[in-house]
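These notes are about the structure you will find just below.
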Amino acid sequence: MHVGMLSEQRAHALPRREILRGKSTISPLFNEGNRLKGGPLLMFYTCSRQGDRTGCTPVRVLFTVGKKLVPRAVDRNRIKRLMREAYRLEKKALSGLTVSEADGVPCQVLLAFLYRGRADSVPPLAEFRTEIRRMLNTMVTKRLAQL
């Protein structure tokens, strides 16, 4: 494979800095975050204060599939790939989101997409895109209404 081809393929990938990692940031998201249900997906979202950290990504995201619902790792990985791709294609809906609070302290939006469907009925990419677009638009309108 040509090196130029590899960089072209990665140009459209979800950047690694946008992936949410770390128990200290993930636990509050699931415990205190807001929820939106849609089809086989459940979305958690919250705003985390960044303090003085400049250059941070304004939105970070996590994709998860339960082992009890989807026992085979191959199936779980495929579902996560579909969710990642659907999010990557629909994240432009977050452009209307204001990520700074009224008091001037920057805010980072944390998202988690949890698959609640079954392994034998995985929806196609188009259905994931529709649900993720609807959830992101709902979150943006709720968030802007709070400001």
Side-chain angles (χ1 to χ4, degrees), residues 7 9-147:
S7 62
Q9 290 173 349
R10 294 294 304 164
H12 299 293
L14 187 65
R16 189 172 272 196
R17 68 182 180 276
E18 290 184 21
I19 302 296
L20 181 60
R21 290 185 175 85
K23 188 175 181 177
S24 63
T25 52
I26 294 171
S27 291
L29 174 61
F30 285 111
N31 294 333
E32 303 157 12
N34 300 311
R35 298 175 189 201
L36 284 175
K37 294 179 183 178
L41 294 177
L42 180 63
M43 183 178 87
F44 291 85
Y45 65 95
T46 190
C47 182
S48 171
R49 299 209 179 249
Q50 297 180 47
D52 293 332
R53 295 182 351 192
T54 56
C56 277
T57 308
V59 180
R60 293 181 66 201
V61 65
L62 164 79
F63 304 95
T64 184
V65 179
K67 206 183 259 192
K68 287 183 180 179
L69 290 174
V70 185
R72 291 180 17 170
V74 172
D75 297 332
R76 286 194 308 273
N77 290 338
R78 180 174 180 273
I79 293 167
K80 284 189 271 188
R81 276 196 309 273
L82 287 170
M83 288 193 301
R84 258 194 320 268
E85 180 64 8
Y87 170 77
R88 184 188 70 78
L89 293 170
E90 299 300 332
K91 70 180 182 177
K92 59 186 168 278
L94 296 173
S95 62
L97 188 63
T98 307
V99 292
S100 60
E101 293 291 321
D103 58 3
V105 177
C107 181
Q108 184 176 52
V109 177
L110 305 177
L111 299 173
F113 290 97
L114 175 70
Y115 181 75
R116 309 180 300 147
R118 296 173 42 110
D120 57 356
S121 62
V122 177
L125 178 63
E127 199 171 316
F128 275 118
R129 283 187 71 179
T130 303
E131 282 305 314
I132 287 178
R133 181 184 323 121
R134 186 191 61 76
M135 285 194 254
L136 291 176
N137 287 333
T138 303
M139 181 196 67
V140 167
T141 55
K142 283 184 177 183
R143 182 84 179 111
L144 291 176
Q146 291 174 354
L147 294 177

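Just so you know, these numbers use all the heavy atoms, side chains as well, and skip hydrogens, waters and symmetry mates. Remember, predicted model here, so these are calculated numbers, not experimental data.
Smallest separation of non-hydrogen atoms from G38 and M135: O-CE, 4.1 Å. Closest non-hydrogen pair, A93 versus N137, comes out as CB-OD1, 3.4 Å. The minimum heavy-atom distance linking L69 with Y115 is given by the pair CD1-O, 4.0 Å. When all heavy atoms of R35 and F44 are compared, the pair lying nearest together is NE-CE2, 3.3 Å. Across all their heavy atoms, F128 and P123 have their closest contact at CE1-O, 3.4 Å. Residues V70 and A119 share a closest heavy-atom pair of CG1-CB, 3.8 Å.
Rounded to the nearest 0.5 angstrom, E131 CD and E127 CD are separated by 7.0 Å. Separating the CG atom in L125 from the CZ atom in R81 is a distance of 12.0 Å, to the nearest 0.5 Å. Here M83 contributes atom CE and L114 contributes atom CG; the two are 7.5 Å apart, rounded to the nearest 0.5 Å.
By the side-chain contact (heavy atoms from CB on, under 4.5 Å) test, I26 pairs with L20, F30, L62, sequence neighbours left out. Qualifying salt bridge (charged side-chain N to carboxylate O under 4.0 Å, His left out) partners for E18, counting only residues two or more places apart in sequence or in other chains: K91. In this structure E90 satisfies the salt bridge (charged side-chain N to carboxylate O under 4.0 Å, His left out) test together with R129, R133, sequence neighbours excluded.
Using a 4.5 Å heavy-atom cutoff, the side chains of M43 and N34 are not in contact. L36 places none of its side-chain heavy atoms less than 4.5 Å from the side chain of R134. Taking 4.5 Å as the limit, every side-chain heavy atom of L111 sits out of range of all side-chain heavy atoms of R60.
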Applying side chain to side chain contact (heavy atoms under 4.5 Å, CB included) to T64 and K80, what does each step give before you reach the verdict?
CA-CA 7 Å; T64 184; K80 284 189 271 188; 5.8 Å; no
Would E32 and T46 count as a side chain to side chain contact (heavy atoms under 4.5 Å, CB included) if you check the C-alpha gap in whole Å, the side-chain angles of each, and the deciding distance to 0.1 Å?
CA-CA 8 Å; E32 303 157 12; T46 190; 5.8 Å; no
After noting the C-alpha distance and the side-chain angles of L94 and V140, does the key distance pass the side chain to side chain contact (heavy atoms under 4.5 Å, CB included) rule?
CA-CA 7 Å; L94 296 173; V140 167; 4.1 Å; yes
Yes or no on side chain to side chain contact (heavy atoms under 4.5 Å, CB included) for F63 and L14, after CA distance, side-chain angles and deciding distance?
CA-CA 12 Å; F63 304 95; L14 187 65; 4.0 Å; yes
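Residue-environment remark: CZ (R116) exceeds the threshold of 12 foreign heavy atoms within 6.0 Å.
Counting only distance, with no hydrogens or angles, the side chain of T25 and the backbone of R21 share a donor-acceptor pair below 3.5 Å. Although no hydrogens or angles enter the test, the distance criterion places a donor-acceptor pair under 3.5 Å between the side chain of T141 and the main chain of T138.
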